[in-house]
Amino acid sequence: NHSVQVSLIDEQNKIPTQDFVLYFRNENLGEPRIQLEKAAQGNYYGMLSFIPSLSQEGLTDEQQQQIQDPEAEQDIDLSKAKGEYIFLLDRSNSMSGKRIEAALKALKVFLKSLPEDSYFDICSFGSRYIFLGGKDGSMKYSEESVKAALTAMIRFDANLGGTDIMSPLENILTKKPKHDSYQ
């Protein structure tokens with residue numbers, strides 16, 4: 001447990017009445033982290049967070065070739081990674097400009113990289129939250145569903161108000177998986 005103290009620089013210590021950005025530095029930022037949670041229904045949810053090292057020092061020739069030619073065929077069995085993927089996208093006002101552009105760019109890469117026989121949905125949030133799949137829930141991964149998601153993402157902007165991440169997280173974590181074998 002770490003505590004943080006935030007002080008207002010303003011002489012009058014006014015409480016902010018609009019979105020603001022809080023910058024902080026974590027001494028262990030570069031270390032990989034994994035967090036697993038068990039939901040009440042017995043399902044497990046995990047999050048992996050890491051910052052990749054861009055140094056090629058110590059890599060084998062084959063690994064360096066894969067970095068230089070990412071289109072080259074690789075011996076990775078993605079069929080074992082099938083599942084239901086729910087992407088949480090911050091579309092609050094504070095994400096305007098380059099922030100939302102970068103988030104959307106990363107989301108496009110992830111969507112195009114999903115394994116076959118998976119399901120996916122995008123939950124956009126701000127003061128409220130919206131699932132791209134709507135009441136139907138996650139969509140089965142296919143060329144058509146990814147194309148539809150990418151088309152919908154063209155209209156995504158940082159226009160959903162403040163930042164309430166708790167409500168969409170609770171919804172996602174209590175939602176029953178679309179397919180029973182994708183726990």
Side-chain angles (χ1 to χ4, degrees), residues 1-35 37 45-54 67 70 83-115 118-175 178:
N1 286 329
H2 300 284
S3 63
V4 175
Q5 182 175 357
V6 178
S7 304
L8 299 174
I9 296 174
D10 184 336
E11 295 173 8
Q12 298 175 3
N13 283 330
K14 294 180 183 176
I15 295 177
T17 57
Q18 58 189 13
D19 285 350
F20 64 94
V21 177
L22 175 65
Y23 292 99
F24 68 95
R25 178 175 305 276
N26 181 338
E27 292 177 5
N28 301 321
L29 186 62
E31 293 180 13
R33 298 173 190 265
I34 187 164
Q35 183 172 345
E37 295 289 332
Y45 300 90
M47 178 185 79
L48 173 65
S49 174
F50 65 94
I51 298 175
S53 170
L54 301 178
I67 291 170
E84 182 172 4
Y85 298 88
I86 313 246
F87 297 97
L88 194 58
L89 178 65
D90 184 352
R91 289 179 50 198
S92 64
N93 295 345
S94 62
M95 288 291 291
S96 64
K98 293 186 186 242
R99 291 183 184 113
I100 192 70
E101 290 172 16
L104 289 170
K105 186 176 180 181
L107 182 54
K108 288 176 188 176
V109 171
F110 286 125
L111 283 177
K112 292 178 179 180
S113 303
L114 289 175
S118 291
Y119 290 84
F120 73 93
D121 203 350
I122 301 169
C123 178
S124 298
F125 75 94
S127 298
R128 59 191 172 93
Y129 61 94
I130 308 161
F131 283 91
L132 182 63
K135 293 180 181 174
D136 294 332
S138 296
M139 298 159 274
K140 183 149 176 75
Y141 178 84
S142 68
E143 190 175 319
E144 295 81 26
S145 63
V146 171
K147 186 176 179 180
L150 294 174
T151 300
M153 287 169 53
I154 292 169
R155 297 184 307 275
F156 284 6
D157 200 1
N159 58 0
L160 293 183
T163 309
D164 174 14
I165 194 171
M166 185 56 94
S167 298
L169 275 176
E170 286 175 340
N171 184 294
I172 291 168
L173 295 175
T174 58
K175 200 177 257 196
K178 181 82 171 189

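In what follows, every heavy atom counts, from backbone to side chain, and hydrogens, waters and symmetry copies are set aside. In this text, all values refer to a predicted model and were calculated from it rather than measured experimentally.
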### Message
With heavy-atom distances below 4.5 Å as the criterion, would you say the side chains of S167 and F125 are in contact?
### Response
no

### Task
With the side chain counted from C-beta on, respond yes when L132 and S124 share a heavy-atom pair under 4.5 Å apart, and no when they do not.
no

#### Entry: F131 CZ to K175 NZ distance, which is reported to the nearest 0.5 Å
3.5 Å

### Message
Please find the pair of heavy atoms, one from G162 and one from S127, that lie closest to each other, and give the distance.
### Response
N-OG, 2.6 Å

### Which atom of L160 lies closest to which atom of N93, heavy atoms considered
N-OD1, 3.9 Å

### Task
Identify the heavy atoms of R128 and I130 that sit nearest to each other, and give their distance.
NH1-CD1, 3.1 Å

## Note on the structure
To the nearest 0.5 Å, atom OH of Y129 lies from atom SG of C123 at 7.0 Å

### Task
Describe, in one word, how the ring planes of Y141 and F120 are oriented to each other, choosing from parallel (under 30°), tilted (30 to 60°) and perpendicular (over 60°).
perpendicular

### Query
How long is the gap from NZ on K112 to CG on L107, to the nearest 0.5 Å?
11.0 Å

### Message
Distance check, rounded to the nearest 0.5 Å: S142 atom OG versus Y119 atom OH?
### Response
10.5 Å

### Task
Kindly determine whether M153 and L89 satisfy side-chain contact (heavy atoms from CB on, under 4.5 Å), including the steps that lead there.
CA-CA 11 Å; M153 287 169 53; L89 178 65; 5.9 Å; no

### Query
Considering all heavy atoms of both residues, which atom of D121 and which atom of G133 are nearest to each other, and what is their separation?
OD1-N, 2.8 Å

### Message
Restricting to non-hydrogen atoms, name the atom on A158 and the atom on S96 that form the minimum distance, rounded to 0.1 Å.
### Response
CB-N, 3.4 Å

### Task
Would you mind reporting whether Y85 and L111 have side-chain heavy atoms less than 4.5 Å apart?
no

### Task
Give, for atom NZ of K140 and atom CD of E84, the distance between the pair rounded to the nearest 0.5 Å.
11.5 Å

### Task
Locate the shortest heavy-atom distance separating R91 from D157; write the atom from each residue and the value.
NE-O, 3.0 Å

### Message
Measuring only between side-chain heavy atoms, which start at C-beta, is L88 closer than 4.5 Å to I165?
### Response
yes

### Query
CZ/F156 to CG/L150 distance, rounded to the nearest 0.5 angstrom?
10.0 Å

